[in-house]
Amino acid sequence: TTQRKDAFRNISKQIVSFLSIAIVIMLGTGIFLACRFAAEALPGRADTFYRDASYRDMEIRSTQGLTDEDIEAVRLLEGVSAAEGFYALDMVCGHEENASLAHVISRTEQLDHYELLEGSEPEGADECAVVPELAEKLGVSVGGRISISGKTENQDYLKEKEFTVTGIIRHPDHYRSGVAATYNVVLSPDAVDTAKIGMPYIGMLVKADTDDNTFSKAYQEHIDDLMSRLSALGTERMKDRYDSIVDDADKKIADGQKQLEEGKEALDEGRKELEDGT
């Protein structure tokens, strides 16, 4: 038709401008599609990562600590597939001339699986695994030794002060190559002196019993419902924990009073013997 011929004639006369516009349109369309596909792919990729690492859905902390009974109560709660106690401490790694603050956590068996890049998992009370960035900063490799201590003397909650690095890891808490916002150090649970901490566990990792995508609305609804039931359980367990702490304190007070009375009796007897002797 005449209109079509006229259009082709105009294009042929301004071919450079036409190609420029066509290229800009193609680039814009390509960028739009790439962003859209990436936005849809990233949640799926992240969800796969979380599932492969058995990453926790929730983390519970208590200033009074958590017991095996608390963990078992959560594990039996409807909507929970796994629950596991752990220790987490912010401590100083390395020596004074080359030290860094690190997040020291106990190794867990069911949840929060880390990727072992080199070496083996820490098993003994004097073994640890560190992220590559911390190993590089401290100039240590597998088989080397590092010191781990509290930020103050009152925070030395570990049985040992020197640890052998058995492995280099990438922890799911801060899974990023090259730059680490937080240095993760994993220890065997046996490395923690629970008597010094004064509580069986500092926190608990919880995995929800759901196959929904982590970024879906159905997942969020499931988590909200589970959090409501956990809150109710926490209120119930809090009273039991408080009563247990009070009972332990009363027992220690009674034992102390008994030792004091026995000490007074022994002192009185010693004085009497001393007076009889004179």
Side-chain angles (χ1 to χ4, degrees), residues 49-77 79-93 101-116 120-131 134 146 148-151 155-160 163 165-175 180-209 214 223 226-227 230-231 233-234 237-238 240-241 244-245:
F49 168 78
Y50 290 141
R51 292 186 184 281
D52 290 344
S54 293
Y55 195 66
R56 65 184 181 273
D57 292 301
M58 284 172 284
E59 180 178 320
I60 299 174
R61 295 285 186 106
S62 172
T63 55
Q64 297 179 347
L66 297 167
T67 65
D68 289 321
E69 290 76 15
D70 294 327
I71 295 171
E72 184 63 21
V74 171
R75 187 181 292 119
L76 296 175
L77 195 66
V80 173
S81 63
E84 188 170 8
F86 74 101
Y87 309 95
L89 307 163
D90 288 329
M91 308 191 78
V92 178
C93 294
L101 190 65
H103 190 58
V104 179
I105 50 183
S106 61
R107 189 190 71 245
T108 47
E109 301 296 336
Q110 302 176 35
L111 304 175
D112 285 13
H113 298 161
Y114 52 79
E115 180 183 359
L116 187 64
S120 59
E121 296 185 358
E123 298 291 346
D126 62 343
E127 297 179 344
C128 70
V130 302
V131 294
L134 181 60
I146 63 172
I148 303 178
S149 59
K151 290 184 287 186
Q155 296 176 331
D156 278 331
Y157 298 130
L158 304 180
K159 296 177 181 177
E160 306 290 340
F163 294 81
V165 177
T166 63
I168 306 297
I169 62 169
R170 184 69 66 190
H171 198 277
D173 271 352
H174 306 97
Y175 198 91
T182 301
Y183 297 127
N184 283 69
V185 177
V186 174
L187 303 176
S188 165
D190 295 335
V192 181
D193 192 334
T194 56
K196 288 183 179 179
I197 295 179
M199 55 186 72
Y201 297 101
I202 288 178
M204 183 193 317
L205 306 178
V206 180
K207 185 69 175 174
D209 185 14
T214 310
I223 294 299
L226 181 56
M227 286 184 66
L230 280 171
S231 179
L233 178 63
R237 296 296 306 174
M238 180 175 61
D240 294 339
R241 179 67 173 144
S244 174
I245 292 175

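Under a 3.5 Å cut-off, the side chain of D156 and the backbone N or O of G150 do form a donor-acceptor pair. A donor-acceptor contact shorter than 3.5 Å is absent between the side chain of S188 and the backbone of P122. Checking side-chain atoms of R107 against main-chain N and O of V186 turns up no donor-acceptor pair under 3.5 Å.
Checked for salt-bridge contact, R56 and D173 meet the test: a charged N lies under 4.0 Å from a carboxylate O.
With rounding to the nearest 0.5 Å, the separation of CG in N184 from CG in L134 is 9.5 Å. Atom CD of E123 is separated from atom CG of D190 by 9.0 Å, given to the nearest 0.5 angstrom. Atom SG of C93 sits about 4.5 Å away from atom CD1 of I148, to the nearest 0.5 Å. With rounding to the nearest 0.5 Å, the separation of CG in L89 from NE2 in H103 is 8.5 Å. To the nearest 0.5 Å, atom OH of residue Y87 and atom CD1 of residue I105 are 14.0 Å apart. In this structure, CD1 in I202 is found 10.5 Å from CD in E59, a value given to the nearest 0.5 Å.
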**Request:** Could you walk me through whether T67 and R237 pass side chain to side chain contact (heavy atoms under 4.5 Å, CB included), step by step?
**Result:** CA-CA 10 Å; T67 65; R237 296 296 306 174; 4.2 Å; yes

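Looking at heavy atoms from C-beta onward, F163 lies in side-chain contact with L158 at the 4.5 angstrom threshold. Residues L226 and D209 are not in side-chain contact: their nearest non-hydrogen atoms beyond the backbone lie 4.5 Å or more apart. Side-chain atoms of E84 and K207, non-hydrogen and from C-beta on, never get closer than 4.5 Å to each other. No side-chain heavy atom of E69 sits under 4.5 Å from any side-chain heavy atom of E72. By the 4.5 Å heavy-atom criterion applied to side chains, D112 and Y55 are counted as neighbours. The shortest distance between side-chain heavy atoms of M227 and I223 falls below 4.5 Å. Using a 4.5 Å heavy-atom cutoff, the side chains of F49 and P172 are in contact.
Within a 6.0 Å sphere centred on CE of M199, heavy atoms belonging to other residues, nucleotides or ligands number more than 12.
Using a 3.5 Å distance cut-off with no hydrogens or angles, the side chains of S62 and Q64 do not pair a donor with an acceptor.
None of T166, V104, I146 except one satisfies the side chain to side chain contact (heavy atoms under 4.5 Å, CB included) rule with C128; the exception is I146.
Nearest heavy atom pair, residue L205 against residue T108, reads CD1-CG2, 3.9 Å. Here the closest heavy-atom approach between residue G167 and residue L116 is recorded as CA-CD1, 4.3 Å. Closest heavy-atom contact between S54 and Q110: CB-O, 3.5 Å.
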